[in-house]
Amino acid sequence: MSFQEITPRELKPALLELDGISRTSVEAHYRLYRGYVAKRNEILGRLAGVDLAAANQVYSELRALKVDLTFAIGGIKNHELYFEHLGGAGGDPDGAFARLVARDFGSAEAWRADLKATGMAGRGWAWTAYDWDEGRLFNYIGDAQNTFPVWNATPLVALDVYEHAYSIDYQTDRGAYIDAFFANLDWGVVNGWIEAYRIPTA
Ligand SMILES: [Fe+2]
């Protein structure tokens, strides 16, 4: 099996000037993100030489590599979403995302309250995603980079609630960080994803 090595995306300058989320915090995410990219490349390289005949569910090199690959890839995808959709003016959603939120949650306030609560209840992430089978949005909970996404759903908002996301700026006050997260979302980016993925909004 061959694979392409990937390189970390650059941080856009606006991320270093967020409102209520410090440059130090963003740089902490970025250091971790670069680590996920490096480990993704390393694991895929190791998998190329793994002994398939030794595969075993209790312990095997194949099992260890494939389980931890999901953590590395999750860390990459989650952070690329996080970095890309921050740097905006926040406020209530507009455009296509506003229409989906109004239809599936009733109001922007109800969506925000549900995502914030999901973030308070999670140990790593909370995501708003569009489930293609259900045809609607849902706020999913995550305890780690690789738990608990579901198949055939497209994430549109990715809220990092790992301690490194808030402890530098807010100590243990995760709720205050989540409020700052909402205040920096860029709805143009989220609506661009809805258009790119052709998510139906009617
Ligand atoms: Fe992070």
Side-chain angles (χ1 to χ4, degrees), residues 5-44 66-90 93 97 111-112 114-130 137-150 153-190 192-193:
E5 292 220 339
I6 58 170
T7 52
R9 291 185 188 170
E10 298 279 321
L11 262 191
K12 56 181 182 183
L15 282 179
L16 302 176
E17 295 168 16
L18 298 179
D19 194 8
I21 300 175
S22 66
R23 178 183 183 132
T24 310
S25 291
V26 171
E27 287 171 342
H29 291 282
Y30 192 68
R31 267 195 307 280
L32 293 165
Y33 163 68
R34 284 192 313 197
Y36 297 131
V37 170
K39 283 295 177 187
R40 176 259 185 212
N41 291 338
E42 180 186 338
I43 291 168
L44 284 171
K66 288 211 170 186
V67 169
D68 291 335
L69 178 64
T70 68
F71 195 92
I73 290 175
I76 294 167
K77 290 177 186 275
N78 290 330
H79 281 94
E80 287 182 350
L81 291 165
Y82 185 81
F83 294 143
E84 198 166 341
H85 73 3
L86 288 177
F97 189 67
W111 163 74
R112 207 163 27 236
D114 189 85
L115 184 59
K116 183 174 182 179
T118 306
M120 294 301 291
R123 297 170 186 166
W125 288 87
W127 303 274
T128 301
Y130 178 80
L137 299 178
F138 188 80
N139 290 329
Y140 295 89
I141 195 167
D143 279 350
Q145 306 295 351
N146 53 355
T147 59
F148 308 96
V150 299
T154 300
L156 295 170
V157 176
L159 167 57
D160 193 339
V161 293
Y162 268 92
E163 266 184 16
H164 67 262
Y166 61 87
S167 61
I168 294 166
D169 299 326
Y170 297 99
Q171 289 78 47
T172 58
D173 190 355
R174 188 193 291 187
Y177 153 75
I178 293 175
D179 291 340
F181 170 83
F182 283 121
N184 286 281
L185 282 170
D186 186 334
W187 298 119
V189 171
V190 174
W193 290 333

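Computed from a predicted model, the values in this text were never measured in an experiment. Indexing begins at 1, ligand by ligand and atom by atom, following the structure's order.
- Of the residues D143, N78, T147, the one that meets the side-chain contact (heavy atoms from CB on, under 4.5 Å) test with W125 is N78.
- Taken from OG1 in T118 to CH2 in W127, the straight-line distance is 11.0 Å, to the nearest 0.5 Å.
- D169 and S25 are linked by a side-chain donor-acceptor pair at a separation below 3.5 angstrom, with hydrogens and angles left out of the test.
- Summary: OD2 is the N/O/S atom of D160 found nearest to the Fe ion (ligand 1).
- Around the Fe ion (ligand 1), the angle linking H164 (NE2) with H79 (NE2) is 140°, rounded to 10 degrees.
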Problem set entry | Full working for ring pair (Phe, Tyr, Trp, His ring centres under 6.0 Å) between Y130 and W193 | CA-CA 11 Å; Y130 178 80; W193 290 333; over 10 Å; no
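- The Fe ion (ligand 1) sits nearest to atom ND1 when only the N, O or S atoms of H29 are considered.
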